[in-house]
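I have placed the structure first, in the form of structure tokens, so that the comments after it can refer back to it.
The model shown is predicted, which means the values in this text are computed figures rather than measured ones.
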Amino acid sequence: MTTHAPRTAQAVTLPTTLDEAVAALAAMPTAVPVAGGTDLMAAVNSGQLRPAALVGLGRISEIRGWQYQDGHALLGAGLTHARMGRPDFAALIPALAAAARAAGPPHIRNAGTLGGNIASAAPTGDALPVLAALEATLVIAGPGGARREIPVSHLLAGVEMLRGGELIGYVRVPLLHAPQVFLKATGRTGPGRALASVALVLDPARRGVRCAVGAIAPMPLRPLEAEQWIAGLIDWDNDRALVPEALHAFGEYVAAACIPDPAPEPDGTVVPLPPAVLHLRRTVAALARRALGRALS
């Protein structure tokens with residue numbers, strides 16, 4: 001990407017396969033890949049981005065569906081939010097379907113894609129905490145037909161980045177066959193940008209709980225200690241029973257882990273969190289508590 005290119009695109013390439021798209025990007029290093037364009041066009045319209053060339057991904061049919069592979073779902077990066085929100089997909093990965101349905105108004109859901117949500121890595125991306133909680137991996141397509149896999153959390157944290165000429169081709173998600181929940185709080189009624197979001201999945205085979213909090217930091221946050229603590233309290237052999245007090249404590253644990261109290265000043269005084277931050281922490285606690293309650297009900 002570059003902000004110093006001419007004001008209009010000089011070339012538009014429309015490949016029909018993933019490898020053709022990678023080759024086009026390798027041949028035009030300044031080109032920008034575009035699928036739904038929901039984030040790209042916002043950047044162009046605001047003057048933040050002036051692409052010299054575009055590589056359109058809309059004609060690549062191989063990345064617009066999904067397949068089963070060794071206990072996982074291999075999701076094409078071109079899947080739209082609208083497609084992921086349908087009942088057949090919801091039966092497969094309920095939390096991701098719920099996030100897709102909450103991604104925005106119909107015109108955004110019809111255009112926006114799973115791969116674009118990941119590549120843009122906006123903190124408010126609804127799919128991101130779900131993918132973090134599911135511990136999904138990305139299948140990256142590179143020049144010459146090369147393929148490599150990286151955890152989605154590594155890309156979002158900047159631990160591993162896309163290299164020149166690479167594209168996100170697929171997302172590999174484990175099929176847990178267990179309850180999953182996605183909840184988010186917005187500043188208005190109906191679909192909108194998240195002020196905070198929580199994805200929670202149960203993993204009965206490992207007797208584990210996985211939780212990720214989105215929108216409150218540059219990347220989804222995993223409260224690992226809270227996950228381990230609550231997993232140890234669940235009666236996995238008796239309908240996953242949990243005492244009601246533990247639900248409240250879990251929400252507080254998650255919120256405090258993701259929005260901790262400030263460190264004491266050198267003189268020992270503790271500066272309280274601002275009211276807006278305290279409100280956000282209460283919101284995260286409520287979302288985590290409700291998500292776990294729904295997953296266990």
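Annotation for C211 and V198: closest pair SG-CG1, 3.9 Å, computed over non-hydrogen atoms. The two residues A111 and T80 have their closest heavy-atom pair at O-CG2, 4.3 Å. Of all heavy-atom pairs between V173 and A136, the closest is CG2-CB, 4.0 Å. Nearest approach of A212 to A132, heavy atoms of both residues: CB-CB, 4.0 Å. When all heavy atoms of A100 and G85 are compared, the closest pair comes out as CB-N, 4.1 Å. When all heavy atoms of A77 and T113 are compared, the closest pair comes out as O-CB, 3.5 Å.
For the pair L247/L242, a side-chain contact is recorded, criterion being any heavy-atom separation below 4.5 Å from C-beta on. Side chains of L200 and L183 form no contact here, defined as non-hydrogen atoms less than 4.5 Å apart. Within the 4.5 Å cutoff, no side-chain heavy atoms of I108 are placed close to those of N110. Between P223 and E227 there is a side-chain heavy-atom pair separated by less than 4.5 Å. The shortest side-chain heavy-atom distance between F250 and L233 does not fall under the 4.5 Å cut-off. Contact of the Q180 side chain with the L134 side chain is registered, since non-hydrogen atoms from C-beta on lie closer than 4.5 Å. Between L296 and I234 there is a side-chain heavy-atom pair separated by less than 4.5 Å. Considering only heavy atoms from C-beta on, P264 stays 4.5 Å or farther from T269 through its side chain.
L175 and M84 fall within a single hydrophobic cluster, where Ile, Leu, Val, Met, Phe, Trp and Tyr side chains are chained together by heavy-atom contacts under 4.5 Å. The cluster map of Ile, Leu, Val, Met, Phe, Trp and Tyr, joined by side-chain heavy atoms under 4.5 Å apart, puts V171 and V139 in different clusters. Note: the hydrophobic cluster containing L96 also contains V201 (ILVMFWY, side chain heavy atoms under 4.5 Å, direct or indirect links). Taking hydrophobic clusters as Ile, Leu, Val, Met, Phe, Trp and Tyr residues chained together by side-chain heavy-atom distances below 4.5 Å, V254 shares a cluster with L273. No chain of hydrophobic side-chain contacts below 4.5 Å, direct or via other Ile, Leu, Val, Met, Phe, Trp or Tyr residues, connects L57 to L79.
Distance check, rounded to the nearest 0.5 Å: CZ of R101 to NE2 of H81 gives 13.5 Å. For the atom pair CG of L114 and CD1 of I168, the computed distance is 8.5 Å after rounding to the nearest 0.5 Å. The structure places OG of S153 at 11.5 Å from CG of L128, a figure rounded to the nearest 0.5 Å. Taking CZ of R147 as the reference point, atom CG of L138 lies at 13.5 Å (rounded to 0.5 Å). Once rounded to the nearest 0.5 Å, the distance linking CG of L162 with CD1 of I150 reads 6.5 Å.
In this structure, N117 contributes its side chain and A127 its backbone to a donor-acceptor pair below 3.5 Å.
Residues satisfying the side-chain hydrogen bond (donor to acceptor under 3.5 Å, both in side chains) test with R86, not counting sequence neighbours, are none. R148 meets the salt bridge (Lys or Arg N to Asp or Glu O under 4.0 Å) test with E160, E166; sequence neighbours excluded. For A199, the side-chain contact (heavy atoms from CB on, under 4.5 Å) partners at least two apart in sequence or on another chain are P129, V130, A133, F182. A search for side-chain contact (heavy atoms from CB on, under 4.5 Å) contacts involving A122 returns T124, not counting sequence neighbours. In this structure E135 satisfies the salt bridge (Lys or Arg N to Asp or Glu O under 4.0 Å) test together with R210, R222, sequence neighbours excluded. Judged as a side-chain contact (heavy atoms from CB on, under 4.5 Å), and not counting sequence neighbours, the contacts of I63 are L18, I60, Y170. Here I216 pairs with A196, V213, L221, C258, I259, L280, V284 under the side-chain contact (heavy atoms from CB on, under 4.5 Å) rule; sequence neighbours left out.
Applying the side chain to side chain donor-acceptor pair (under 3.5 Å) test to pairs two or more places apart or on separate chains, those with a residue in residues 230-245 are R207-D237. Evaluation of the ring pair (Phe, Tyr, Trp, His ring centres under 6.0 Å) test over residues 92-146, restricted to residues two or more places apart or in two chains, returns none. Within the structure, ring pair (Phe, Tyr, Trp, His ring centres under 6.0 Å) contacts touching residues 252-292 (residues at least two apart or in different chains) are W229-Y253.
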Does the pair V34 and V12 meet the rule for a side-chain contact (heavy atoms from CB on, under 4.5 Å), with working shown?
-> CA-CA 10 Å; V34 56; V12 177; over 6 Å; no
Given L155 and I118, is the side-chain contact (heavy atoms from CB on, under 4.5 Å) satisfied, shown in steps?
-> CA-CA 9 Å; L155 180 68; I118 299 167; 3.8 Å; yes
L287 and K184: CA distance, side-chain angles, deciding distance, side-chain contact (heavy atoms from CB on, under 4.5 Å) verdict = CA-CA 7 Å; L287 291 175; K184 80 173 185 178; 5.5 Å; no
Intermediate values then yes/no, side-chain contact (heavy atoms from CB on, under 4.5 Å), L167 and L25 | CA-CA 9 Å; L167 280 173; L25 288 173; 3.5 Å; yes
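Cluster note: L224 groups with no other residue, as no ILVMFWY side-chain heavy atom lies under 4.5 Å from it.
Counting heavy atoms of neighbouring residues, nucleotides and ligands inside a 6.0 Å radius, atom CD of E225 does not exceed 12 of them.
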Expected list for residues 67-76: side-chain donor-acceptor pairs under 3.5 angstrom, two or more places apart:
{"unit_1": "Q69", "atom_1": "OE1", "unit_2": "R172", "atom_2": "NH1", "d": "2.2"}
{"unit_1": "Q69", "atom_1": "OE1", "unit_2": "R172", "atom_2": "NH2", "d": "3.3"}
{"unit_1": "H72", "atom_1": "ND1", "unit_2": "D70", "atom_2": "O", "d": "2.9"}

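With salt bridges taken as basic N to acidic carboxylate O contacts below 4.0 Å, one links R83 and D88. Ion pairing between a basic and an acidic side chain is recognised when a charged N comes within 4.0 Å of a carboxylate O; D126 and R109 show no such pairing.
In this structure, a donor-acceptor pair under 3.5 Å is absent between the side chains of T17 and D19.
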